[in-house]
Participant: 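A single structure is presented below for examination.
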4 protein chains.
Amino acid sequence: MSSPKLKVAIAGLGRMGARHALHFHTMTPRADLIAVSSPDPKELAWATRNLEGVRTYLDYDEMLREEKELQAVVVASATIVHAEQAIKAIKRGLHVLCEKPLSTNPEVSQAVVTAYRASKTTYPNQKVICGFSRRFDASYRDAYQKMRSGLIGRPAVFRSQTCDKLDPSGFFVQYAQFSGGIFVDCSIHDIDLALWFFGEDSVVKSVSAIGITAVSPELRKYNDRDNALGIVEFYGGKIAQLYCSRMMAAGQEDSTEITGTEGKLAINTQPMSNLVNIYEPSGIRREIPPHYYGRFREAFITEANEFTACCLDNTEPPFRLEGAVAAVKIGCALQESLITGKKIEFNEIGQRIDSAADDATPLTARL
Amino acid sequence: MSSPKLKVAIAGLGRMGARHALHFHTMTPRADLIAVSSPDPKELAWATRNLEGVRTYLDYDEMLREEKELQAVVVASATIVHAEQAIKAIKRGLHVLCEKPLSTNPEVSQAVVTAYRASKTTYPNQKVICGFSRRFDASYRDAYQKMRSGLIGRPAVFRSQTCDKLDPSGFFVQYAQFSGGIFVDCSIHDIDLALWFFGEDSVVKSVSAIGITAVSPELRKYNDRDNALGIVEFYGGKIAQLYCSRMMAAGQEDSTEITGTEGKLAINTQPMSNLVNIYEPSGIRREIPPHYYGRFREAFITEANEFTACCLDNTEPPFRLEGAVAAVKIGCALQESLITGKKIEFNEIGQRIDSAADDATPLTARL
Amino acid sequence: MSSPKLKVAIAGLGRMGARHALHFHTMTPRADLIAVSSPDPKELAWATRNLEGVRTYLDYDEMLREEKELQAVVVASATIVHAEQAIKAIKRGLHVLCEKPLSTNPEVSQAVVTAYRASKTTYPNQKVICGFSRRFDASYRDAYQKMRSGLIGRPAVFRSQTCDKLDPSGFFVQYAQFSGGIFVDCSIHDIDLALWFFGEDSVVKSVSAIGITAVSPELRKYNDRDNALGIVEFYGGKIAQLYCSRMMAAGQEDSTEITGTEGKLAINTQPMSNLVNIYEPSGIRREIPPHYYGRFREAFITEANEFTACCLDNTEPPFRLEGAVAAVKIGCALQESLITGKKIEFNEIGQRIDSAADDATPLTARL
Amino acid sequence: MSSPKLKVAIAGLGRMGARHALHFHTMTPRADLIAVSSPDPKELAWATRNLEGVRTYLDYDEMLREEKELQAVVVASATIVHAEQAIKAIKRGLHVLCEKPLSTNPEVSQAVVTAYRASKTTYPNQKVICGFSRRFDASYRDAYQKMRSGLIGRPAVFRSQTCDKLDPSGFFVQYAQFSGGIFVDCSIHDIDLALWFFGEDSVVKSVSAIGITAVSPELRKYNDRDNALGIVEFYGGKIAQLYCSRMMAAGQEDSTEITGTEGKLAINTQPMSNLVNIYEPSGIRREIPPHYYGRFREAFITEANEFTACCLDNTEPPFRLEGAVAAVKIGCALQESLITGKKIEFNEIGQRIDSAADDATPLTARL
């Protein structure tokens, strides 16, 4: 007789959904993947081949209705339906792990938090988290613990980048229609890390951004860029610098530095795929992970296991859902600044104070 | 309804045995850990607490007798009983993953191979492998594939080290009574890698070794040393250099270089625990894994999964058991050279040709 | 009989002046250091002890008058007199190597260029350069050549930092009174590099900056900060990110990345003092240079030799003086943005287009 | 009026001689290069073009006779005449910097020391050193000071390599006729470092070596190899491991590790030409120096300046000439072991104790 396992379903079987499905199916001993849904029959065919014993659904709602024993849902569908699917699961009392971002729109993101808060009165043990995978990465956690232990004094300057490998297929252009823009899609991770390292109650004071389309001018029609730089000021004497790009030659380059009054912690500033160095006539070379997943696979598996454990054991999630809204809000403001060229300012309770906001819906809300 | 899983038992629940047990229990989806044995009641109590649903035995033989559905055994007990336990399992037709070394004695090691060969006539699908964990490490595998693809031309010079962190508790002195000596205990990995990279049919031509007791002079009473250097010549123009130590300050330092006529591959020559660098007044620092397991945890999990797969699917094991005997033989010869100060030579079919061998049992056989 | 040597004088014997004096005295074979000037008798006493055979002057003007054979002057005095001393030497037809910045004020900087242009009609072979030491650094030069050879495609994103080691003595606060601010003092190097790598005709489109006083709140009284982040947009689809700090724990950290459409070049992103790594119980550590000079000593010596050669051989200087004005202008705009919180914009011929400029002298001009 | 300078001549203008000439001519302010000799008119023509004001001689003896003011000679000619030329200069009371090795023969090397000792009675201030360039390298010096300060406890294990870039021209085969063999030519540096780090009174107890001809089988006719591994035992519980090669793909790879009871110092175990990293589709790459001089140029310049200073100021040379004989002796023993396959042993006063030595001149003496 074995311990009860968490009965999990996955919504969405695209690139990330398929990975989540495999992680919960084979690398999460305390979870039992029982169902998956996707509107794409090809993805369901993949599931039938690769996820033995797991039921498949073309319709998410049907899955929720039919799977009476379901306890938790991983929302890994298209970003556009993240919030809607998450809210439906929340309302049924299910635990939810929702892929980032909750939405490309801050208000919609907030609606997920609101639904969760409402649901908690009925389901006090319910857990809802946003899948910020880097929070589960061993290196980031080690750095965070070192910072918390006082190793670098008081943290003051945060610098981080999420830079994707150049994809000459044009994928990023198609993707830009729905991604919310490069700051919302890529830098959301860095923003979440800034909030983690600076404290989740940090209030943003201003954001400014600039960008270019160095390799994909077509991005402009979706109000996006392929390289962008942002600076973010927080109340309380903290500043952050972000870089996001779709143009890296060598592979995925996601690195972070947190500088305090007495030291600095650097994460992945010397990227590498593994511990091999190649000595050849052109010098010494090492390879780096081509994609995000190559860098963070272990973190995703840890995420699956820890999400499962906190649902089964009714322990605190590793971080609060509210931060995911703050991250979307900052990401959207950066994206807006990127496109309008305006600096955007906020008061100490996080409300926009620029006059432009009076007479216009924010750009990002129109996307 | 799910696929059949491999029913596995673990013999021995010491440091390595407990890890194997956890890997097969929680990180090996196609395996079902059903039983463990240990002569130590404390270890069994640990198993009861941590290995839910797994039966425990004080007696290995009883476990073999009682567990009628058992298909595979992982021998992770004290080195002294590796061969005996492996042979018993082999004779019952069970698959076996035996921790390294098979034995500290080449003849006893050979007996395991002999038993396996005999058993294959009755159990043609039986798999028996020796747990050379580095063969499952992603970096070593990447390097091996790169070498095989021709990236470095013809491999010619192999250099490798297994260097443990200094343990001031005296553990290594106690351990030396049974370990077979530093070349058999530590360098066995490097020797196995040399045979892998140079080809498993490589025949050793000579070995020479020197060593010291820089921190643990008590090791001398067990004919051991705490730092040793060896050189190994193979027929066919290949040479190897080994370093083993129990004195590293920073942590486990296991690195390897394979130099070919057109390039070199280096594995872990810049050791690190993770991707964090710490900037502080004394400079830039990174931590390194304190122990072997910290470096090779992922490899052990891969080992568990691949062993399981090759048993279930009746595919070829990743390497042949015979190599484990060759590795012990070379390790014992190095250890003998370390103690006697003599160079030991072999003919082209691997027989010792030094006159000393005529009139004396090899030193290592007497240990 | 030997070749004629360039007869050189140094103005200023502070930290940098003394170094220039030694470089020209002992490490520049084709130069002959004949005189130095400093208003500080202690510095002249140092010169008497360390610069054998070199005449000393308390008064710069007197030195120019008395040294009839003088051919070149190195202006390494306080920033406040750089321009004045440089212009006096220019008017006498002397070659000039002026330490950076020409001035903390763009107009004053421009006056040096204007004087030089005027002087060229009388002294067509005269050479005047600004001492941007990194232009002479072997690593930067190698990176520049690689970029020019097409290795990274078209350069698009420039990221650079000049970060000083924390100096708990309060030096930086005193220094801030005259330095022009952290962007003018530190980032001037990075700005010059951006102009070098992007092309010296690059026209800045906008600058934005933010900053904090994490360790030295006293800096605020001089309109300065101890950590600042800036972003700079250039016409033609190029962007730059700057970081300057007075708070590094480990030492001087000056690094640069130039990302192009096909690759990236990184300079000193893994800083180190030398090739030594220290393995100790806390991990693996390397030291880094504590000060700017420790990182760039070789570049200064190269600068001395190349300046000497271009004067003696009447060859083109390695870069044009005009760039030094552009760098000051950008640095001042960043400093202004840092203090005012406003983004500053420029039209395609480099004129400020923000309305604030109409009714107010720029902040930096008032410093 | 300036301080007197050391009047220096260079014997030999081959690869190393020309470099020494330039260093003393332009980078050694306290030295005055007055003459050079070479039997090769082409080399003298080079000197005429590049060493302004320096007199040239086809005949070394004539140079010594004619240059009445000469104070010091740098012997940088072919190894075969090092000792003879050094002794001639010693007998005239000149200071001598002799390139390594003094000779490929220990007895001939000893003759230089004997001549120096005899000469000291007449010329008590005379300085004679062997040009072990690594002793002047900033990284080695830093490591040595750190070791001396106790940072790694008691040094016990020394590992070092001198590995040249593959030269497909066949140069190394021609060179092998006179080089003394790979251990005498390459490893002599590592042996000297071992004596430095372990203490110059260290007495060797045994040496063993093995080697191959992986790329240049023609080397066998000169009793040489292109890759060789050696182990050296010293009395007093110290051991060393050497690797020498002519087959590196990426460039010159000279690295050293010194492990003590409490830590390790590693020098150049991550070789690099400069501080540039190149990010490109195949990964991250750095270049390394192609040749010995690229790695040690600064050390050679320091050597020139320190040799000059110790002659002019009558201070102690940085290390004693006797060590150069010990290094040749160990190098020759390793080379002999490499060829004969025998381990060579020495008693505690450094005399060979193997029976073979009774009836035969050592192999190396016959080269």
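Order of the sequence lines sets the chain letters (A, B, ...), proteins ahead of strands, with each chain counted from 1.
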Participant: To the closest 0.5 Å, what do you measure between CE (B:Met247) and CD1 (D:Ile152)?
Facilitator: 8.5 Å
Participant: Can you check whether anything in residues 256-266 of chain B gets within less than 4.5 Å of chain D, heavy-atom wise, and list it by number?
Facilitator: B:Thr259, B:Gly260, B:Thr261, B:Glu262, B:Gly263, B:Lys264
Participant: Do B:Val232 and D:Leu229 pass the side chain to side chain contact (heavy atoms under 4.5 Å, CB included) test, and can you show the C-alpha distance, the side-chain angles, and the key distance before you say yes or no?
Facilitator: CA-CA 9 Å; B:Val232 181; D:Leu229 301 170; over 6 Å; no
Participant: Quick check: does any side chain N or O of B:Arg154 sit under 3.5 Å from a backbone N or O of D:Val215, one acting as donor and the other as acceptor?
Facilitator: no
Participant: With a sphere of 6.0 Å drawn around CZ of D:Arg148, does it hold more than 12 non-hydrogen atoms of other residues, nucleotides or ligands?
Facilitator: no
Participant: Where does B:Ala156 contact chain D at under 4.5 Å (heavy atoms): side chain, backbone, both or neither?
Facilitator: both
Participant: Evaluate the side chain to side chain contact (heavy atoms under 4.5 Å, CB included) criterion for residues B:Gln241 and D:Gln161: first the C-alpha distance (whole Å), next the side-chain angles of each, then the deciding distance (0.1 Å), finally the verdict.
Facilitator: CA-CA 12 Å; B:Gln241 186 189 62; D:Gln161 67 177 61; over 6 Å; no
Participant: Do you know which of B:Met248, B:Glu233, B:Arg159, B:Lys342 has the most heavy-atom pairs with chain D at a distance under 4.5 angstrom?
Facilitator: B:Arg159
Participant: To the nearest 0.5 angstrom, please state how far the CD1 atom of D:Ile210 sits from the CD1 atom of B:Ile231.
Facilitator: 4.5 Å
Participant: If we define contacts as heavy-atom pairs under 4.5 Å, which of D:Lys205, D:Gln270, D:Glu253 has the most with chain B?
Facilitator: D:Gln270
Participant: Measuring heavy-atom distances to chain D, does B:Thr269 have an atom under 4.5 Å in its side chain, in its backbone, in both, or in neither?
Facilitator: neither
Participant: May I ask you to decide if D:Ile212's main-chain N or O and B:Lys238's side chain share a donor-acceptor pair within less than 3.5 Å?
Facilitator: no
